[in-house]
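Here is how names work: the chains are called A, B, and so on, in the same order as the sequence lines, proteins then strands, and each is numbered from 1. Hydrogens, waters and symmetry mates are skipped; everything else that's a heavy atom, side chains included, is used.
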Amino acid sequence: MISASSISVFLPVLLPLLGGIILLLSRFVGTKIQQKISMALLIILVATTINSLQSAIQNGVQVYELGNWVAPFGIVLVLDGLSAMMLLATSLLAIAALWYAISSKIDIKGAGFHALFQFQLFGLNGAFLTGDLFNLFVFFEILLIASYGLLVHGGGKERTRAGLQFVVINLIGSAIFLFAVGGLYGMLGTLNIADLSVKAAEISSVDRGLVMAAGFLLLVVFGVKSAMFPLYLWLPKAYSEASAPVAALFAIMTKVGIYSIIRVHGTIFGDSFGEYGFFYMPILLVLGMVTLVMGALGVAASKRLGEQVSYLVLVSVSILLIGLGINTEESLSATLYYMLHSIIMPGAFFLLVHMISIGRGEQKDIFVQGVSMQGKILLGSTFMVCAVALTGMPPFSGFIGKFLILSSALGSDLFWWVLSVVLITGLIIIISLARSGSLIFYNVKDIESSSPVTMNIKAYLSIVFLLSLIIALVIFAGNVVEFTDMVSSQIYNSSGYIDAVLGTDTLKGVRQ
Amino acid sequence: MELLISLIIGALTVSGVFLTLRGRIFPVVLGLMFLSYAVNIFLFSMGRLVPGLPAIIDDTQAGYADPLPQALVLTAIVISFGMSAFLIALALKLYSYMGNDHVDGEQLPSDEQLSVLTRYKKKKGRNKS
């Protein structure tokens, strides 16, 4: 049975899959038509995800059973507030990245860009929607294989080198993921996340250690994905070597790791896990702070703007980890608000870095004295807006997010640690970005470039689009926080999620 | 049988971890393959090791072998197969760019033997000049 509500659950997964297949088959009709198909698909995807969000707000948690197999025997797709929010943010970021790729002609530097882009979205949306742990692994692999292709798209020595390291570390991550999945299945006999939570709550104290070991392994995997200290070393290279739209899209990849921690660990090892519930939270808090320090030092030490922005992605991840680790309903709500900001903002910044490096010609985005570029006033002001927003200065959404996280940390034991680390690293980042801005825009030779590159206004529109989303996030901050409050209470009362997936009491009777 | 299987998994994992920590691509690829073998056997054994039982419930038999891990292993094998193929292709690409097979792409001074490609390139360069 296909009802209107189940469409809103499976269409965000189905659409990019079909789109990717269509784009693979339409290789021979020419790039112009491919670009149009790709763009049209993304516009439909945005509309679909808006519909999903609306349906998640109105109807609560919704479940679609694949092939009508009842959970926990079949695989389910679950749409709740958190997944709907991630879906919408992904599709908005993707549409800006794709527009930039098309208008700056990056997509035609190699074959199959559009198909890979759609498959990447297929993997991402699937990971956000699935309610099954092994299925999550499969969607991770799909988004990874597409991201390998996108990362090395266009070729080149440095990019291939960064790509190889990215592939190797993720393959190791996949192996660990499978060990964890196997361990959980061996101990609990199920792979459905909701059912795992029920079974884990009833586990005997003898077996609890093994289940927790599997939980730690999962934390390592999601730590690799979200670039948590000490597993972040792959990130700066991979992100700064990728082409600009791909790097912008990758801004969401680290958040997949954060999402998985919230979803998998929050459901299985949350309140219901008894005395060891939320055992991973203190680790997240401390590792988040260490990551933040390392990220800020990386920002200060970078030799290129692209590298600097990659470290800023790391900084945004670590603030999310800190927000998660504080472990209250308010802090999770604040973290989710900051998550929206930190998905969109690095994306815009990566695109801007590309425009700057094209405008500077030979010097690219390296911090050396360059020539004055075309459209420097516009680009310079955009740089300032981006820098101010990303470091979390008022009046942009980064400030609101950071402020909410810090105010929710008030009750934490480590409040002074959190406060001092966040504020001091913030200062380091502001100083470094001010230095890079003045180096790039003020410290220029008097001569005009021998071959000035005119600014690509069409491509610039996608940055404008992303920045307008940030401004919307500020103007409608009240409504957004209201929504994230709803989502966070949905996550902390995971019984709602579990009941929705496993059905009502009659089915529970059958299972026992 | 449990002891044997667990020893096999342990040996495969140890060699896999050791090899993935090497500096050259070929041992790393081998190590990743060992790791994926280890994880496949591990997944398989998580459905409990039972000899001589059917994978479906049968009235005449005493029990059944859990079919789900077998399905999981199948998926995992296919995925790791595809990933290894991609990794090898990428490694060859990097080799053709860099002329050596280090993961970092940098020739170490301690390398006594030059790779085949560098030797070929040197020869070519000498011929030109």
Quiz prompt | Counterpart residues, salt bridge (Lys or Arg N to Asp or Glu O under 4.0 Å), relative to A:R208 (two or more places apart) | solution = A:E275

Quiz prompt | Which atoms of A:Y148 approach chain B - backbone, side chain, both or neither, heavy atom under 4.5 Å | solution = both

Practice problem: May I ask you to check whether over 12 heavy atoms, not counting those of B:F81, lie within 6.0 Å of atom CZ? | Solution: no

Practice problem: Tabulate, in ascending numerical order, the residues of residues 82-92 of chain B having at least one heavy atom closer than 4.5 Å to a heavy atom of chain A, or enter 'none'. | Solution: B:M83, B:F86, B:L87, B:L90, B:A91

Quiz prompt | Greatest number of heavy atom pairs closer than 4.5 Å to chain A - which of B:V73, B:V39, B:I25, B:V29 | solution = B:V39

Practice problem: Determine whether more than 12 heavy atoms belonging to other residues, nucleotides or ligands lie under 6.0 Å from atom OH of B:Y37. | Solution: no

Quiz item: Heavy-atom distance under 4.5 Å to chain B: side chain of A:L191, backbone, both or neither?
Solution: side chain

Taking distance alone, no hydrogens or angles, what donor-acceptor pairs closer than 3.5 Å link side-chain atoms of residues 110-126 of chain A to residues at least two apart or in another chain?
residue	atom	partner	partner atom	Å
A:H114	ND1	A:S38	OG	3.1
A:H114	NE2	A:D107	OD2	2.8
A:N125	ND2	A:P12	O	2.8

Quiz item: Of the backbone (N, CA, C, O) and the side chain (C-beta and beyond), which part of B:T13 lies under 4.5 Å from a heavy atom of chain A, both, or neither?
Solution: side chain

Self-check item: Residues of residues 171-187 of chain A within contact distance of chain B, non-hydrogen under 4.5 Å
Solution: A:L171, A:I172, A:A175, A:L178, A:F179, A:G182, A:G183, A:Y185, A:G186

Practice problem: Give the member of B:L35, B:V17, B:L43, B:L32 that has the highest number of heavy-atom pairs under 4.5 Å with chain A. | Solution: B:L32

Practice problem: Select one option (side chain, backbone, both, neither) describing which atoms of B:L72 are under 4.5 Å from chain A's heavy atoms. | Solution: both

